[in-house]
Amino acid sequence: MSEEIIGHGTWYDMMAKKIIEREQSLSRSMDNLRTEMGLGASGFPHIGSLGDAARSYAVTLALKNQGVNSELIAYCDDKDGLRKVPAGLTDKGLEKYLGYPVSSIPDPFGCHESFGKHMSSLLLEALDKCGIQYKYYSAKDVYEKGLILNEMRMLLSNSQQVGQIVKEQVGQETYTEVLPFFAVCENCGRIYTTRAYSFEPKTDKVHYKCEGLEIRGRLIKGCGHEGDADIKKGEGKLTWKSEFAARWKALDIRFEAYGKDIADSVKINDRICQEVLCFEPPSHAKYEMFLDKGGKKISKSAGNVFTPQVWFNYGSPQSLLLLMLKRFVGTRALAVSDIPVYMNELDYLEDVYFDKKNVGEKEAIRLKGLFKYCYLMAPPTKPSIHVPYNLLAFIVKLAPKDCLTTYVTEMLQSYGYLKKDQELDEDLLQRINYAANWIRDFEEIKETTVELTVEEKKAVSDLVNKLQTVADDPEKIQNSIFNAAKDNGVKPGALFRKLYQVLMGASQGPRLGPYVLAMGKQNVVDALQRSLKNN
RNA sequence: GGGUCCGUAGCUCAGUCAGGCUAGAGCAUCGGACUUUUAAUCCGAGGGUCGCGGGUUCAAUUCCCGUCGGACCCGCCA
């Protein structure tokens, strides 16, 4: 139990320390401690996929911070077969490609060279947007260029041992009979339908039959073809229960985080790596899955999954990294509706970082560290202006469409977030953009009919008259509303509430004088008259 | 069958690289201030057996074991 603080005081610094200690005790080269992440290519990247990247990269940064070179490898699983048609793409005629490697399926959107490329590039775009640096490997290239040829040979030559390990670890006996290899059928082009029966070391060929495979109760039919696949030419791939091991050794990976869904697979691969390939497997960290919060109506109208791109509509890359990095253990339920919370929390961290908030020494170290990781070790040099997300959204919602930025600027000035004559900066404009998207997509303006009492009707119609004659002065307009209430025996508070409901569908709002002016007096008069008619 | 996570204020959760003074935040509630209304803002208050039972320790929300409740993953592929 040491009191010493490691690195920036986060989980990642601790992990880095452990990795370094382990590598030292193994007496391995410290030239480059590679971390790895998997890049899914068989469906839209869920936002959780970014967690793998963010956390692995954070470990890479922590390693560097402790004086060790490190890089993140992004390994694209584009030789995987398509197992099922992704939600949202059911009308793209992908059915016939089930079982094909995703890198040989045409891009249904027509903008990339393959289905797999399209999907994986969505995640890569998100990584780029966050500023996560990585070295890209595609499984297709790795196999075709023979980068893991030696490992494949070892595994296929010792397939009984591999099969035995799988059996011992999870009780699955398949690989005691079949080689841990999927050949691409030279006749029909599918990869998941083949079973590999024997390996001939002299020719580097695997003998297979295209028999078909049942996945999740659905059978993908094979074509019955029997042939030999040349492993030198990338005519197939290792199954996952052994492929990890092979690439760890081939690419010299020293750290790999993984989701608990593949925990068993990692255990098996650790043993295979050590016992068959004679390579000490990388250090690991297991994380929980990111779950979609049930019951929330999130973008399901569009049939979308919760992708990083969705997040970036409403929140900054750093806020997403905050979500990913703030906590390692624990299942995290995600919803789009949480984005404002993370935006605000990031502001809070920034306040702590710039010593604007006092939180105690230990806490400050931890939070400042987290903040730096959110900015991937390149934090801002000066504080930004923090307007609470919901307030900004509120202002944007009420802003007249024609003069959004002017209106927001005025409001922020009057609320004291901006000094008089201070204009919006880049950061605030971006925040307004997020808030505007938010309002546009999630806050439908309710157009309910507002019921008015007899007195209120009189007051409203009185106000209509007053507005038509009053000068264009916010204060005078404000006064005329107040007078319209008093003159007609209505409590000002009640009248204001009704006016907000009529004008913006909310029971509360900004100071009305300036707002009426900003909206245009005539528009307000029209709205009020419509409301009177409906009563 | 194997495994993981969660259970802290009415609600949502912090507090898990490292056990330590009166366990925190936001929202909600209530009270007050201010604005000729609302909203906003500011101040304050109430509210917790930290699921339950053991253990380790000078000290446990925090570590260990067990237990109850909730959620999830794996057991076919990845």
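A, B, ... follow the sequence lines: proteins, then strands. Residue 1 opens every chain.
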*Asks:* Can you sort out the partners of A:Tyr175 under ring-ring contact (aromatic ring centres under 6.0 Å, His included), two or more places apart, ordered by chain and number?
*Replies:*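 For A:Tyr175, no residue satisfies ring-ring contact (aromatic ring centres under 6.0 Å, His included) once neighbours in sequence are set aside.
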*Asks:* Whole angstroms only, please: what is the CD-C1' distance between A:Glu173 and B:C77?
*Replies:*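 Interatomic distance, CD of A:Glu173 to C1' of B:C77: 18 Å.
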*Asks:* Please identify each residue that fulfils salt bridge (charged side-chain N to carboxylate O under 4.0 Å, His left out) with A:Asp80, with sequence neighbours left out.
*Replies:*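 A:Asp80 satisfies salt bridge (charged side-chain N to carboxylate O under 4.0 Å, His left out) with A:Lys237 only.
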*Asks:* What's the closest nucleotide to the side chain of A:Tyr192 if the choices are B:C74, B:C77, B:C17?
*Replies:*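 Per side-chain heavy atoms of A:Tyr192, the pick is B:C77.
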*Asks:* Quick check on contacts: within residues 236-246 of chain A, what sits under 4.0 Å from RNA chain B by heavy-atom distance?
*Replies:*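 Nucleic-acid contacts, sorted: A:Thr239, A:Trp240, A:Lys241.
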*Asks:* With sequence neighbours excluded, what pairs up with A:Glu173 under the side-chain contact (heavy atoms from CB on, under 4.5 Å) test?
*Replies:*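 A:Lys167, A:Thr176.
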*Asks:* Under the ring-ring contact (aromatic ring centres under 6.0 Å, His included) test, which residues partner A:His8, sequence neighbours left out?
*Replies:*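 ring-ring contact (aromatic ring centres under 6.0 Å, His included) check on A:His8 returns A:Tyr373.
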*Asks:* Would one find a side-chain N or O of A:Gln172 under 4.0 angstrom from OP1 or OP2 of B:C77?
*Replies:*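 For B:C77, OP1 or OP2 has a side-chain N or O of A:Gln172 closer than 4.0 Å.
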*Asks:* Among all residues two or more places apart in sequence or in another chain, which pass the salt bridge (charged side-chain N to carboxylate O under 4.0 Å, His left out) test with A:Lys368?
*Replies:*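 Result, salt bridge (charged side-chain N to carboxylate O under 4.0 Å, His left out) vs A:Lys368: A:Asp355.
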*Asks:* For A:Ile481, which contact category applies under a 4.0 Å heavy-atom criterion: base, sugar-phosphate, or nothing?
*Replies:*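 No contact.
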*Asks:* With a non-hydrogen cut-off below 4.0 angstrom, is A:Tyr75 in contact with a base, only sugar-phosphate, or nothing?
*Replies:*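 Counting heavy atoms under 4.0 Å across all strands, no contact is made by A:Tyr75.
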*Asks:* With a 3.5 Å cut-off and heavy atoms only, can you find an N or O donor on one side and an acceptor on the other between the side chain of A:Lys18 and the base of B:C17?
*Replies:*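 There is none.
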